[in-house]
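Right, one structure below, let's go through it.
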Protein chains: 2
Amino acid sequence: MTLTDLRYLVALARERHFGHAAERCNVSQPTLSVAIKKLEDELAVTLFERSAADVKITDIGARIVAQAEKVLLEAGQIKELATAGRDPLSGPLKLGVIYTIGPYLLPHLIPRVHAAAPSMPLLIQENYTARLAESLKRGDLDVIVVALPFEEPGIVTQAVYDEPFRVLMPAGHAWEKDEAISAKRLAEAPLLLLGAGNCFRDQVLEVCPLCRSGEGLQRTLEGSSLETIRHMVATGAGITVLPSSAADPLPDGNPLLTVRPFEAPEPFRRIALAWRVTYPRSGAIDVIRSAILGSPLPGVRPVTR
Amino acid sequence: MTLTDLRYLVALARERHFGHAAERCNVSQPTLSVAIKKLEDELAVTLFERSAADVKITDIGARIVAQAEKVLLEAGQIKELATAGRDPLSGPLKLGVIYTIGPYLLPHLIPRVHAAAPSMPLLIQENYTARLAESLKRGDLDVIVVALPFEEPGIVTQAVYDEPFRVLMPAGHAWEKDEAISAKRLAEAPLLLLGAGNCFRDQVLEVCPLCRSGEGLQRTLEGSSLETIRHMVATGAGITVLPSSAADPLPDGNPLLTVRPFEAPEPFRRIALAWRVTYPRSGAIDVIRSAILGSPLPGVRPVTR
DNA sequence: AGGAACGATAGTGATTAACTATACAACGCG
DNA sequence: CGCGTTGTATAGTTAATCACTATCGTTCCT
């Protein structure tokens, strides 16, 4: 029993004439004739009474035809689903973002994605890189925004932008007089750091070897966020390092804080998109990338690769 | 897209492993692999993300699988319908009976059929032979009970029983003294006849050539029934001819009426079943025939052909 | 009886679906 | 870093199926 057979069946039920039904199906009369006979043999029931005068459908035949119509209808729905789902910009996209990007990127990203792909709602999760990677591999997420380096089997990445680091200090801090800060001086001040698991914490420690070896005055704030740390800096609890997208927007707005760049070579992080190699909706990823690059993230330099 | 393809599809969705899914479908892994690929090409969507680690279904794939399950479910219903409809003794049987048989046969027939085929309800219509024949050919009836001769293209008949005619007269009638009545004497008395269209009327006239040529005293009672005529005979309005099944049951019960057989050669009618040559439920017809022969119709002789 | 209409059957060719064998890719382990 | 393992894709072959043309057999009507 094939779907074609069922199509022949309902055509014959409608036309009540093998020749006409065959024509309507664009096949020859013997083809339809044989198919119906095959169906009858397979089901072991007589579906039609054939006579020279006309073709009559049996009771059981009528019931089976009605069911066949239902099957064909449902089968047609499959094609419709496929057509509807063919657009990579249709259907929800599960996006993951690390904590140190989300609050600064998402407010810009979301309206841009919505404008570019109105029928692609975003399901967003913020988390640590490791958690995002896990979800991505499991299929709970489709695309994630993370900082490089990021290497996972089965996952491809595409760098999107570089983002320089800034030093954030309380207004009136001794370093305020300097135009740029040297990285090694970070060990000289009480440096406030995110908790373990935040990749940004490691990247900051990378910048300052003395800090990494634990020789500085740094303090780790577990369960904290960049925003919390900023507030703490404002109260004079210490200094910190922020990515430019988090640091640059506010000096105008907050008189309690001062932002300074690093001396060259300016430390930075490289932000990338990552997805499963097998993920088929590359169009959706392009939209995300464009929306990120279209977002006004201060200090950020697009990576054109 | 075939039903087989859909079966492969849902198997793969369940197993998330080409090899296992193939095994479950009793095909080789390449077979299933190719089939899925073909489906994806045809629908122009990616249904699964394949990777070494595991097989993930896409969003659109999951929706299509759900729909495919629906299709397969409905398709399975076809087989169930066929199985249920395979028994010729299941499902209603549309039975037609001529007016001059129905009242005498049906009370016996119905319980017998119900006993022999409990799941075959009878949809019964009484009518003239011509109307029954028309309905039978149209398919509005499946089997009819008529008197022979009955010849129609596409219709086969099977004689069931012969039924002798009787003369019915009021008690105290002059012929009451005779053991048997000669056919030609029917022209001598006021013979009450059914209206045109009743085959029995013609058969009675056939018995008595003088009556047929209109030389007797017969009166036609349009729109009447044998029962009505019998009441009229009881009032002395005339005599009539009845088939034995209508005449014989009652002499004991009705002191106003006398029944006499004809002299040899006894006139009779032959009752037959008729159905379309193409009608597939021959088992149902057998049941009807047996039920008729099992009915206590007085004077009736089975036709064993 | 002859012919027209119609479905069934026979025979053939092309497509498709299945198999086995093998290639290829990704990952994990020593 | 290479090698084995696991898992899917591809190649090539064979068998089954499908659809065609041609023709037959019935039935019914004139």
Side-chain angles (χ1 to χ4, degrees), chain A residues 1-9 11-13 15-42 46-58 61 133 136-138 151-156 275-280, chain B residues 1-9 11-13 15-42 46-58 61 133 136-138 151-156 275-280:
Chain A
M1 183 171 69
T2 73
L3 290 172
T4 309
D5 291 338
L6 298 185
R7 266 184 282 274
Y8 295 164
L9 176 63
L12 181 56
E15 300 287 335
R16 287 160 197 258
H17 186 289
F18 280 73
H20 299 165
E23 193 173 349
R24 176 176 283 251
C25 296
N26 300 310
V27 295
S28 69
Q29 171 263 316
T31 295
L32 192 133
S33 206
V34 167
I36 296 291
K37 183 158 179 42
K38 189 170 63 75
L39 239 189
E40 288 184 325
D41 287 352
E42 185 179 342
T46 304
L47 299 172
F48 296 94
E49 290 185 37
R50 293 102 156 137
S51 66
D54 66 339
V55 173
K56 285 186 187 59
I57 191 160
T58 62
L136 182 65
K137 287 201 276 187
R138 229 197 344 262
E151 303 265 329
E152 290 286 338
I155 304 295
V156 289
W275 61 90
R276 295 182 296 280
V277 251
T278 55
Y279 188 65
Chain B
M1 183 172 67
T2 73
L3 290 172
T4 309
D5 291 338
L6 298 185
R7 266 184 283 274
Y8 295 165
L9 176 63
L12 181 56
E15 300 286 336
R16 294 173 185 241
H17 186 289
F18 279 73
H20 299 166
E23 193 173 348
R24 178 177 282 252
C25 295
N26 300 308
V27 295
S28 69
Q29 170 266 315
T31 296
L32 192 133
S33 207
V34 168
I36 296 292
K37 184 159 179 42
K38 190 169 63 73
L39 239 189
E40 288 183 325
D41 288 351
E42 184 179 342
T46 304
L47 299 172
F48 296 94
E49 289 184 38
R50 295 108 157 126
S51 66
D54 65 338
V55 172
K56 285 189 188 57
I57 191 158
T58 63
L136 182 64
K137 287 201 278 190
R138 227 196 347 260
E151 304 266 328
E152 290 286 339
I155 304 296
V156 288
W275 61 91
R276 295 182 296 281
V277 249
T278 55
Y279 188 65

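Quick note on labels: first sequence line is chain A, next is B, and so on, each numbered from 1.
For the pair A:His20 and C:dC6, the criterion of a side-chain N or O lying under 4.0 Å from OP1 or OP2 is not met. Remark: A:Arg50 is in phosphate contact with C:dA8, judged by side-chain N or O atoms under 4.0 Å from OP1 or OP2.
Distance CD1 (A:Ile36) to P (D:dC18): 13 Å, rounded to an integer number of Å. Put simply, NZ on A:Lys37 is 16 Å from P on D:dT17, counting in whole angstrom units. Between the CD atom of A:Glu23 and the C1' atom of C:dG7 there is a distance of 16 Å, given to the nearest Å. Taking atom NZ on B:Lys137 and atom C1' on D:dC28, their separation rounds to 11 Å, with Å as the unit. Counting to the nearest Å, the P atom of D:dC18 and the CG atom of B:Leu3 are 12 Å from each other. Between the P atom of C:dG7 and the CD atom of A:Glu49 lies a distance of 14 Å, rounded to the nearest Å. A straight line from CD of B:Glu151 to P of D:dT27 spans 14 Å, rounded to a whole angstrom. Straight-line distance from the CG atom of A:Leu12 to the P atom of C:dA8: 9 Å, rounded to whole Å.
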Just the atom pairs and distances: protein N or O near nucleotides 25-30 of chain C's N or O, under 3.5 Å.
unit_1, atom_1, unit_2, atom_2, d
C:dC27, OP1, A:Gly154, N, 2.8
C:dC27, OP2, A:Gly154, N, 3.4

Can you tabulate the close N/O pairs, meaning under 3.5 Å, that link protein atoms to atoms of nucleotides 13-19 of chain C?
unit_1, atom_1, unit_2, atom_2, d
C:dA18, OP1, B:Tyr8, OH, 3.1
C:dC19, OP1, B:Ser28, N, 3.4
C:dC19, OP2, B:Ser28, N, 2.7
C:dC19, OP2, B:Ser28, OG, 2.9
C:dC19, OP2, B:Thr31, OG1, 2.4

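Annotation: side chain of A:Lys56 is not in contact with side chain of B:Thr278 (no heavy-atom distance under 4.5 Å). The closest side-chain heavy-atom distance from A:Thr2 to A:Tyr8 is not below 4.5 Å. A heavy-atom distance below 4.5 Å is found between the side chains of A:Leu3 and B:Leu3.
For A:Pro280, the side-chain contact (heavy atoms from CB on, under 4.5 Å) criterion is met by B:Thr46, B:Glu49, B:Thr58, not counting sequence neighbours. Listed by chain and residue number, nothing satisfies the side-chain contact (heavy atoms from CB on, under 4.5 Å) test with B:Val34 (two or more places apart in sequence, or in another chain). By the side-chain contact (heavy atoms from CB on, under 4.5 Å) test, B:Glu15 is found to be paired with B:His20, B:Ala21, B:Arg24, residues two or more places apart in sequence or in another chain being considered. With sequence neighbours excluded, no residue forms a side-chain contact (heavy atoms from CB on, under 4.5 Å) with A:Glu23.
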Requested in this report: Evaluate side-chain contact (heavy atoms from CB on, under 4.5 Å) for A:Ile36 paired with A:Leu32, printing each intermediate quantity in order.
Outcome: CA-CA 6 Å; A:Ile36 296 291; A:Leu32 192 133; 4.0 Å; yes
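In this structure, B:Gln29 CD and B:His17 NE2 are separated by 9.0 Å, a value rounded to the nearest 0.5 Å.
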